[in-house]
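What follows is a single structure, written as structure tokens, with notes after it.
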Amino acid sequence: ADDIPTVFLAGDSTVTDQPREPTTSWGQMLTAFFNPGVAIANHAESGETLKSFITGLRLDKILSQMKKGDYLFIQFGHNDQKANWPQTYVEPFTTHKAYLTVLVAEARRRGAFPVLVTPMQRRNFDGLNIRNTLGDFPESVRQTAKEENVPLIDLTKMTIDFYVALGPEKSRLAFSGGTDVTHHSIRRL
């Protein structure tokens with residue numbers, strides 16, 4: 001959309017347009033919060049990491065369409081942390097931050113506004129509290145946002161607060177099939 005701002009989304013399965021209900025993502029629900037004067041271009045894909053997003057040329061596709069005044073929302077971490085995927089694994093405070101900085105710089109170079117988003121936490125209760133399953137990746141994003149002077153959406157904290165407020169049993173309803181602890185459901189609570 002050349003005549004209106006576009007919000008580009010870069011991320012993994014928690015951001016992508018999920019193909020089958022009841023599974024959904026925050027990326028595909030984002031359109032409900034904007035009027036027709038803003039376009040949403042969801043380039044997220046299941047299984048993606050920062051590294052694979054760049055090497056798989058997904059970032060290049062976004063950059064080829066990006067114009068001044070657009071936005072780039074960036075959320076990775078779920079798959080980046082998988083050490084058993086050596087082809088895409090990254091260390092949180094070195095390579096992960098470096099890749100985030102590349103996406104920020106490329107958006108700014110085109111006159112767009114980058115926004116960093118910490119990864120949504122998995123629903124993994126330890127008693128009445130949520131157990132951290134994302135390691136240092138949320139903190140890596142927070143540090144990068146501060147260092148690069150980029151707006152931050154702390155989705156990790158927001159999702160933890162949401163799950164804890166609902167509690168161990170009722171929070172199941174927010175997830176696909178009630179057994180998935182990563183992907184939300186379109187069903188209403």
I'd like to know if the side chain of [X] reaches the main chain of [Y], judged simply by a donor and an acceptor atom lying under 3.5 Å from each other, with no hydrogens or angles considered.
| X | Y | answer |
| --- | --- | --- |
| Arg123 | Pro168 | yes |
| Lys67 | Ile4 | yes |
| Ser140 | Asp136 | no |
| Tyr163 | Gln121 | yes |
| Asn132 | Gly135 | yes |

Would you say [X] and [Y] are hydrophobically clustered, going by side-chain heavy atoms of ILVMFWY under 4.5 Å?
| X | Y | result |
| --- | --- | --- |
| Phe137 | Val15 | no |
| Phe53 | Val115 | no |
| Trp26 | Ile62 | no |
| Val117 | Val141 | no |
| Leu59 | Leu57 | no |

Inset, instruction - Go through the steps to decide whether Glu48 and His43 satisfy the test side-chain contact (heavy atoms from CB on, under 4.5 Å), and finish with yes or no. - result: CA-CA 10 Å; Glu48 288 292 335; His43 289 264; over 6 Å; no
Legend entry - Considering all heavy atoms, the nearest Arg108-Asn149 contact: NH2-O, 3.0 Å
Inset, instruction - State, to 0.1 Å, how close Pro151 and Pro114 come at their nearest heavy-atom pair, and which atoms those are. - result: CD-O, 3.4 Å
Legend entry - Stepwise side-chain contact (heavy atoms from CB on, under 4.5 Å) check, Thr101 with Thr144: CA-CA 7 Å; Thr101 303; Thr144 305; 4.0 Å; yes
About how many Å separate [atom2] of [Y] and [atom1] of [X], when rounded to the nearest 0.5 Å?
| X | Y | atom1 | atom2 | result |
| --- | --- | --- | --- | --- |
| Ile74 | Tyr99 | CD1 | OH | 14.5 Å |
| Thr6 | Asp2 | OG1 | CG | 8.0 Å |
| Ile153 | Thr118 | CD1 | OG1 | 9.0 Å |
| Leu9 | Asn42 | CG | CG | 4.5 Å |
| Glu45 | Arg58 | CD | CZ | 4.5 Å |
| Leu134 | Arg122 | CG | CZ | 5.0 Å |

Legend entry - CG (Asn35) with more than 12 external heavy atoms under 6.0 Å: yes
Legend entry - Lys61, NZ: over 12 other non-hydrogen atoms inside 6.0 angstrom: no
Legend entry - Carboxylate-amine/guanidinium proximity below 4.0 Å for Lys97 and Glu91: no
Inset, instruction - Identify whether the distance between the nearest side-chain nitrogen and carboxylate oxygen of Asp154 and Arg142 falls below 4.0 Å. - result: yes
Inset, instruction - Could you go through the side-chain contact (heavy atoms from CB on, under 4.5 Å) check for Leu50 and Val102 one step at a time? - result: CA-CA 10 Å; Leu50 269 167; Val102 166; over 6 Å; no
Less than 4.5 Å apart, side chain to side chain, heavy atoms only: is that true for [X] and [Y]?
| X | Y | value |
| --- | --- | --- |
| Met66 | Leu63 | yes |
| Val7 | Val38 | yes |
| Lys51 | Tyr89 | no |

Inset, instruction - Quick one: do Phe76 and Leu116 satisfy side-chain contact (heavy atoms from CB on, under 4.5 Å)? Show the steps, please. - result: CA-CA 9 Å; Phe76 289 94; Leu116 294 179; over 6 Å; no
Legend entry - Pair Thr55, Ser52: side-chain N/O donor-acceptor within cut-off below 3.5 Å: no
Legend entry - Short side-chain donor-acceptor distance under 3.5 Å, Gln75 and Thr14: yes
Legend entry - Aromatic ring proximity, centroids under 6.0 angstrom, Phe8 and Phe73: no
Legend entry - Partner residues of Tyr71 under the ring-ring contact (aromatic ring centres under 6.0 Å, His included) criterion, sequence neighbours left out: Phe113
Inset, instruction - For a side-chain contact (heavy atoms from CB on, under 4.5 Å) with Met120, tell me which candidate from Leu155, Ile160, Thr156 qualifies. - result: Leu155
